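Notes for the one structure printed next.
So that the names make sense, note that chain A is the first sequence line, chain B the second, and so on, each numbered from 1. Just so we're clear, the structure is a prediction, and the values are computed from it rather than from any experiment. In what follows, every heavy atom counts, from backbone to side chain, and hydrogens, waters and symmetry copies are set aside.
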Amino acid sequence: MIDRQDGANDPLLAPLNEQQRAVVCAPQGLARLVLAGPGSGKTRTLVHRVAQLMRTGVPAERILLVTFTNKAAREMMARCEQLCGSSAWSLMGGTFHGLAAKILRQYGSALGLDPEFRILDRADTEDQLRAAVNDLGLDLRRDGLPRVRTLCRMFSASVQRELDLGATIDLRWPQYHHHLGLIQTIGARFVERKQEAGVLDFDDLLVGWSLLADPPASAEPAVHQTSQALRERFVEVLVDEYQDTNAIQGRIADHMASIGNGLTVVGDDCQGIYGFRGADAQNLVGFQQRFDAAERLLLTANYRSTPEILSLANLSIAHNRTQLEKMLEPERTSLGLPPWVVQCKDREEEARFVVTRARELQASGIPWSEIAVLYRSHALSTEVQVELAKQSIPFVVRSGVRFFEQAHVKDVLAFGRATMGDEFALRRVLLLYPGVGPVSVRGALERASVDDRFGQMAKTASGISRRGLEQAADVLAGMIERSADGPSAQLAFLVDHYRQAFVQRFDDSNQRSEDLEELIRFAQGFETMNQLFADLPVVDQTTRNGDSGPALVLSSIHQSKGLEWKRVFVLSLVEGHLPHAASFAEVDGVDEERRLFYVAITRAADELYLTYAQRAGHGRVQTPSRFLSELMVDTEPPFTMVRPSFS
DNA sequence: AGGACGGCACTTTTT
DNA sequence: GTGCCGTCCT
């Protein structure tokens, strides 16, 4: 056994401070809450705890490590591997959704799930819902019902917050109160459709896992048995970013540790920024009430940022009524650099300032990859992107559409899914061809079948759509012929055709062609089309654009959580952007925006630039963010105001 | 008249 | 980039 106090020569304990060691060496089998401020070495502490558990004899496959993003999971697994070697490979780590997928494929048969189920992304989910509406002969517009997008949000909110649909609607969409009955009917058909198709959306994953983690008394005996086996498997459960868990995730975590397993939850109520996804800080704040023997540990020493940056962060977050007191204490010494607030004339000048300054920083020895530009919403990044391109600066964008959600990637994947009999995918494929519209598609779908390799589909079509349908049938048949060669070869065959027929139409066809090559490479890891598609929506998509040399990072604030850079720019500190206008009407809305601001500024290690434009595109005057002005009352502001200077 | 297609709003944040 | 609507072509 390793002594808790004396770790001077121990590689697991030597690099840690007292607070961190207390977490790493805390006894097994208990519940505990760790409050960890930004930059406090939280990831390192978690990784070392995992290593410590393994060293004391807990097998890796009996440790469950829940993180918030796939990226975080990947990083933690890599660091565990560094510390523990290959024995860390069998660690069970990932996001709630990714882990739910793994667990349900392995343990879901008790729930009647086919282990080959496919996971729906948001677009797939909306397709299913739209189809459910059509099944019922409803017309959303005519019948005064919410749009498909909104219906999805209603069902999702109800699952994530564990509120019944009526309460959910009354709370957030009271204008649809009188339609509750109809919306419930749609929901029932929606659920039925997904079950018939053997597919699960993001919420179904959580519901499935929760049924195993915490089965209702009325569940079949087989479910209770599986539940027991599942919970006995994991002797230690660790949950990162716990403040961002919603009701159902909180219940899953609680119950995975309900039979004497250890549960370590790590979080920071000041960094809760997923309220829109139903995240409920009560999970964290009320943790000790739910587990009355739970001890509470603190990580408050900040190793990341200068005292000036931390002081700004502490002063800002003090404007929130946070329940848990926790001041960040700087470990670093001052570099003599105040946070800058840069007042620009317009968006264009703002972009020019950021890019010019970034360039100077790089020239002075800061690598591109140590500079980040953060913003509240993706659209705010366009001016900077244009300016970066103009000045030929390498950059990566970590916001906006995901790789697998781009039109050309979705097109190509749709061909693959069409060969497996997916009607939604076939529809998308056929609509690509000139002369083929919704009506000829409807006819074609009635005659289409994978078995005759779509031959009938085109044969009876008349007139203008025939040529397109024939082409589609040919290429789909070609793909089916190559089934034995594996999905990568099938996609390579298809991409030849697709590139000639369609990619040339895009004005950035080169980039898109490269993406398709990337996709073919990605598919090499899979033996069948089915496997390729099964987990696509929950796999890590951040490996994209990762390895083409050092690059400046553009990121939404949400995506930046957990990361750090030497120099950070935060764009558009104006009312309506940060805080975002949509937050004004929401309960806790502006407080959540302030936490977002807090997350953004605590990403910066050495130097922070907060920029804003006095005028928007069409000359409209913009008001500086309240997150700046509220810091200027009475006291000396914790930042220095400047105007851009171009040297 | 049926069907394709170009032009129009709308897009906060993410698994 | 998608969904919806009006217009134009067959």
Would A/F276 count as stacked on B/dT13 if the rule is ring centres under 5.5 Å and plane angle under 30°?
yes
Any base atoms under 4.0 Å from A/S399, or only sugar-phosphate, or nothing? Heavy atoms, all strands.
nothing
With heavy atoms under 4.0 Å as the rule, sort A/G98 into base, sugar-phosphate or nothing.
nothing
Using a heavy-atom cut-off of 4.0 Å across all strands, would you classify A/E586 as base, sugar-phosphate, or nothing?
base
For the pair A/R417 and A/E423, find out whether any cationic side-chain nitrogen is under 4.0 Å from an anionic carboxylate oxygen.
no
Can you classify the ring geometry of A/F597 versus A/F627 as parallel (below 30°), tilted (30 to 60°) or perpendicular (above 60°)?
parallel
Give me the ring orientation class for A/F569 and A/Y609: parallel if the planes are under 30° apart, tilted from 30 to 60°, perpendicular past 60°.
parallel
What contact category does A/Y274 fall into here, base, sugar-phosphate, or nothing, at under 4.0 angstrom with non-hydrogen atoms?
sugar-phosphate
Taking atom types as modelled and ignoring hydrogens, do the side chains of A/N283 and A/Y242 form a donor-acceptor contact shorter than 3.5 angstrom?
no
Have A/E350 and A/T611 got a donor and an acceptor in their side chains that come within less than 3.5 Å?
yes
Could you check whether A/R428 gets within reach of a base, just the sugar-phosphate, or nothing at all, counting any heavy atom under 4.0 Å?
sugar-phosphate
Under 4.0 angstrom, heavy atoms only, what part of the nucleic acid is A/R512 near: base, sugar-phosphate, or nothing?
sugar-phosphate
Nucleotides bounding contact with chain A, strand DNA chain C, heavy-atom threshold 4.0 Å:
C/dG1 to C/dC5
Salt bridge flag under 4.0 Å for residues A/D422 and A/R118
yes
Using atom CD1 of A/I273 as one end and atom C1' of B/dT14 as the other, report the distance to the nearest whole Å.
10 Å
Please measure how far the C1' atom in C/dG3 lies from the corresponding atom in B/dT13, and state the result in whole Å.
22 Å
